[in-house]
Amino acid sequence: MQTSNQPSELTSQEWHSLSEQEVANRLGSSKEAGLTTDLANQRLEQFGPNELTGKKAKPLWLKFLQQFNQPLILILLVAGAVKAFLEEWPNAWVIWGVTIINAIIGFLQEWKAEGAIAALSKSVTTEATLIREGNKRRISSTELVPGDLVLLNSGDKVPADLRLIHVRNLQIDESGLTGESVPVEKNSATLNPETALAERINMAYAGGLVTFGQARGLVVATGNNTETGKISQLIDQRTNLTTPLTRKFDKFSKVWMILVLGLGALTVAVAFHNAYNNEALETFRNVQPSIAGALEAAIALIVSAIPEGLPAVVTVTLAVGVNRMARRHAIVRKLPAVETLGGATVICSDKTGTLTENQMTVQEIHAGGQKYFVTGQGYAAEGEISFNDSPVDFQQNPILLECLRAGLLCNDSHIEEKEGNLVVVGDPTEGALIVAANKAGLTQDAIAEELPKRDVIPFESEFQYMATLHDTPNGPTIYVKGSVESLLKRCTQIFDSQGEVISLDADALHEEVESMAEKGLRVLAFAKKSINPGRQNIDRPDIDEGLIFMGLQGMIDPPRPEAIAAVAACQNAGIQVKMITGDHATTAAAIARRMGMEKNGQVQAFTGTQIGEMDDQTLANNLEDSVVFARVAPEQKLRLVEALQARGEIVAMTGDGVNDAPALKQADVGIAMGGAGTEVAKESADMILTDDNFASIEAAVEEGRTVYSNLVKAISFILPVNLGESMTVLLSVLLGRPLPIEALQILWLNMINSITMTVPLSFEPKSPRVMEKSPRNPSESLLSRDRIKRIAIIAIYNWIVIFGMFEWSLRTYPDHPEPLALARTIAVQSLVSGRIFYLLSISQLLPNLIAKMKGTLNSKVGASAIVAGIIGAIVLQILFSQVPLLNRIFQTAPLNLTQWLICLAVGLPMIPVALLVNRLDPPN
């Protein structure tokens with residue numbers, strides 16, 4: 001009977017703790033007739049559609065404009081504005097063009113469809129069967145409201161959060177929400193308020209899939225108020241976190257901005273001082289400075305100091321890493337994740353389907369007092385049953401064969417092929433029993449013909465068993481499958497290995513069950529009973545006593561063999577691997593032991609309940625030695641990731657379910673499974689594994705480390721030029737000399753030349769020892785102390801080359817028609833010559849050539865890219881100085897052969913300088 005127009009306000013912690021009638025009363029609904037149409041319409045208006053909503057995404061134009069909100073880009077925009085104020089429009093448009101190109105690159109890098117909420121919505125939108133005003137109806141799940149009476153049948157998707165009130169043999173796959181690897185048996189019993197989400201067997205949650213049975217349930221939450229909806233809110237609240245790479249570049253940009261502005265201010269101050277105090281430096285100056293000249297010098301310094309080509313080089317380097325990872329089954333959705341994964345210090349992995357096969361497999365059978373082992377993985381009938389390391393002769397082990405036959409007969413599932421994969425239609429545990437029987441040569445079709453089924457008592461959670469009646473050569477026989485507890489109390493006898501009936505030793509049998517459970521095996525018991533000839537049906541009283549115990553079958557979702565090797569490789573590389581799962585702690589710990597995840601010789605596991613009782617400090621203290629976190633709710637997964645990040649760890653999180661989505665988005669790198677993963681997980685992740693294989697993570701880490709190494713090489717190659725150019729401009733201003741290099745020439749070096757010569761570093765192959773090193777310190781700066789020394793030494797060399805060759809040219813070619821243009825061209829070409837030798841010193845081209853001569857070269861890509869980059873740079877520099885159009889644009893002058901050879905010779909001293917800095921800061 002409906003008692004109110006509005007449902008009482010209750011938290012998700014309370015519905016499972018109320019009786020069926022209390023729930024109906026609180027919801028103002030009826031257990032038999034549901035809501036009235038009028039009341040349902042009122043609530044639809046009050047609560048809104050049963051769908052998930054998220055915050056509005058930023059428009060694309062705003063995302064593009066935000067690319068300009070970077071310190072160094074803003075400085076370039078101002079520099080361009082100053083050039084426009086001085087009516088030097090070509091220079092202004094070139095500078096602005098550089099900023100626009102960088103903005104486009106950044107926009108393309110960061111732009112993505114924010115589809116996580118939409119994917120969540122798809123996961124719960126379906127058709128629903130319900131009862132309103134006592135009549136059965138079929139409506140869209142979006143029209144459901146709190147208090148609706150919903151009917152569930154096998155194959156249905158649960159359309160909202162329901163408190164179950166009438167249940168018959170109901171099983172629901174909730175793996176996407178809870179991480180439980182097998183369907184959950186449901187009933188309508190009232191539970192304790194403290195019952196964990198994964199153990200609320202009287203609830204059905206939105207997005208779950210009914211695999212067996214029927215039920216009725218009252219809707220207690222819709223839309224964003226469902227458990228799935230709360231996950232969507234957790235995702236929505238996660239801002240797009242900056243990665244370690246972007247954080248380092250932000251820090252670098254701020255430091256570099258301060259340096260640029262400081263040098264710019266100093267340049268302007270000195271230039272103004274020189275402009276109004278001519279006498280002080282009259283002997284050092286050839287050109288009278290002016291206010292415009294002061295601004296020109298300041299802009300030249302600013303342009304020289306800003307590494308305009310670096311964003312493009314970073315993007316290309318990351319893109320190369322993306323392509324390499326794609327070839328190794330890892331699809332990257334967000335570019336910075338490439339480098340971030342290479343710096344991961346902790347990988348938090350889901351268990352089901354990630355570390356394991358997600359296919360239940362029988363691995364141990366106890367029958368007739370003997371213990372048998374089963375080989376093979378998953379649902380393929382490959383493998384064998386052995387005893388004492390030898391294949392079993394089934395004729396000599398009749399009770400083993402009978403135990404397997406019972407698993408095949410007490411079975412409502414079957415295995416079929418879909419899209420090239422074997423899948424179970426029904427309960428995964430029953431699928432495992434089918435495969436185990438297949439390995440003994442038994443098939444469902446043959447058994448059904450040999451032993452026709454006459455009746456069945458379906459599984460009910462109240463009784464914890466299933467029974468079938470079959471015609472056999474020995475007369476009507478009942479086969480029973482169920483929990484150990486339910487069958488043992490109905491048995492007093494057991495078959496020995498030869499089929500003789502003996503007394504049952506319950507204590508010994510319990511020891512066997514405990515031994516199997518410690519290995520993480522899910523144990524099912526089997527028994528049978530002969531009944532009077534002519535019987536065509538059975539009832540529960542027939543099962544209450546007189547059963548003869550046959551044996552046990554223990555099954556588990558086994559770990560992937562390649563995942564075991566991958567975990568070991570990650571640990572050797574100094575990366576911690578932790579399992580975060582919604583499954584049972586015992587099962588999870590057993591899998592962890594099989595995978596070699598012990599720490600200090602043991603597997604320490606915590607449950608979600610224990611985590612909930614810990615304060616932040618206690619949790620942080622337990623994170624170091626613990627490797628398994630079981631029965632973990634979505635918000636607890638999120639808390640674990642945040643706690644690890646608070647300790648300074650770089651966290652990679654793998655997952656495939658809806659329950660993993662918030663933690664995937666919070667992690668530094670979220671990794672979703674491409675096959676078994678939900679769309680929610682994929683949209684929340686930074687990376688997707690196309691083969692659902694944890695082993696691919698090892699390959700991705702390897703590529704990520706290589707990407708970081710190549711990025712460091714790029715920075716070490718680009719910044720010395722910027723610093724050398726800045727020193728040249730500043731010294732020229734201090735001495736009152738003409739600028740050895742102008743703003744547009746600097747832009748040519750920083751954009752065209754730098755990109756041409758630096759991009760090949762993106763293709764550098766991995767170091768042979770890349771996975772033997774410990775993860776780099778997350779707090780390590782892009783500019784370490786040794787790297788700063790390297791950059792400073794090369795910058796000083798570049799400054800000497802630019803300034804020295806400029807002054808030498810002015811004195812050597814005073815009668816040239818354009819002495820300044822010629823001197824600046826010689827200075828630029830000499831600098832590029834030195835850069836070529838420097839590039840050779842930090843690349844793997846020369847080591848690869850040596851390896852090729854020894855016959856051990858393992859990569860041609862890096863070498864060919866470096867050669868192509870050098871050739872490209874040479875061609876562009878020839879055009880830069882020899883083409884009249886470019887002469888006019890960049891104020892350069894053509895060089896003769898002698899001048900070219902001089903520029904080449906000036907670059908040679910870079911060789912010993914490069915050898916020195918490589919000792920200080922090894923490039924690999």
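Note that the structure is a prediction, hence the values are computed from the model and not measured.
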Inset, instruction - Could you grab the distance from atom CZ of Phe717 to atom CG of Asn710, nearest 0.5 Å is fine? - result: 13.5 Å

Legend entry - Those residues that, when tested against Tyr797, pass ring pair (Phe, Tyr, Trp, His ring centres under 6.0 Å) (two or more places apart): none

Legend entry - Set of side-chain contact (heavy atoms from CB on, under 4.5 Å) partners for Ile800, sequence neighbours left out: Ile796

Legend entry - From Ile697 atom CD1 to Ile347 atom CD1, the distance as rounded to the nearest 0.5 Å: 5.5 Å

Legend entry - Gap between atom OG of Ser841 and atom CG of Asn918 - 0.5 Å precision: 5.0 Å

Inset, instruction - Could you list the residues that satisfy salt bridge (Lys or Arg N to Asp or Glu O under 4.0 Å) with Lys599, not counting sequence neighbours? - result: Glu624

Inset, instruction - Working to the nearest 0.5 Å, report the span between CD1 of Ile842 and CD of Glu764. - result: 8.0 Å

Legend entry - Rounded distance (nearest 0.5 Å) linking atom CD of Glu703 with atom OG1 of Thr706: 5.5 Å

Inset, instruction - Enumerate the residue pairs fulfilling salt bridge (Lys or Arg N to Asp or Glu O under 4.0 Å) with a member in residues 560-572, sequence neighbours excluded, ordered by first and then second residue. - result: Arg560-Glu562

Inset, instruction - Output all residues satisfying salt bridge (Lys or Arg N to Asp or Glu O under 4.0 Å) with Arg594, sequence neighbours left out; order by chain, then residue number. - result: none

Inset, instruction - Output all residues satisfying side-chain contact (heavy atoms from CB on, under 4.5 Å) with Ile870, sequence neighbours left out; order by chain, then residue number. - result: Ile836, Leu839, Leu840, Ile866, Ile874

Legend entry - Gln666 vs Leu640 side-chain heavy atoms within contact, under 4.5 Å: no

Legend entry - Pairing residues for Arg639 by the side-chain hydrogen bond (donor to acceptor under 3.5 Å, both in side chains) criterion, not counting sequence neighbours: Asp616

Legend entry - Non-hydrogen side-chain atoms of Ile794 and Val913 separated by less than 4.5 Å: yes

Legend entry - Test side-chain hydrogen bond (donor to acceptor under 3.5 Å, both in side chains) applied to Ser349 - qualifying residues, sequence neighbours left out: Thr654

Legend entry - With Ile788 via side-chain contact (heavy atoms from CB on, under 4.5 Å) - residues at least two apart: Leu783

Inset, instruction - Only pairs at least two apart or in different chains count here, so list each salt bridge (Lys or Arg N to Asp or Glu O under 4.0 Å) that has a residue in residues 782-802. - result: Arg787-Asp921, Arg790-Asp921

Inset, instruction - With sequence neighbours left out, write down each residue that passes side-chain contact (heavy atoms from CB on, under 4.5 Å) with Ala700, or none if nothing qualifies. - result: Met325, Ala330, Leu341, Met687

Legend entry - Contacts of Glu702 that satisfy salt bridge (Lys or Arg N to Asp or Glu O under 4.0 Å) - sequence neighbours left out: Arg328, Lys766

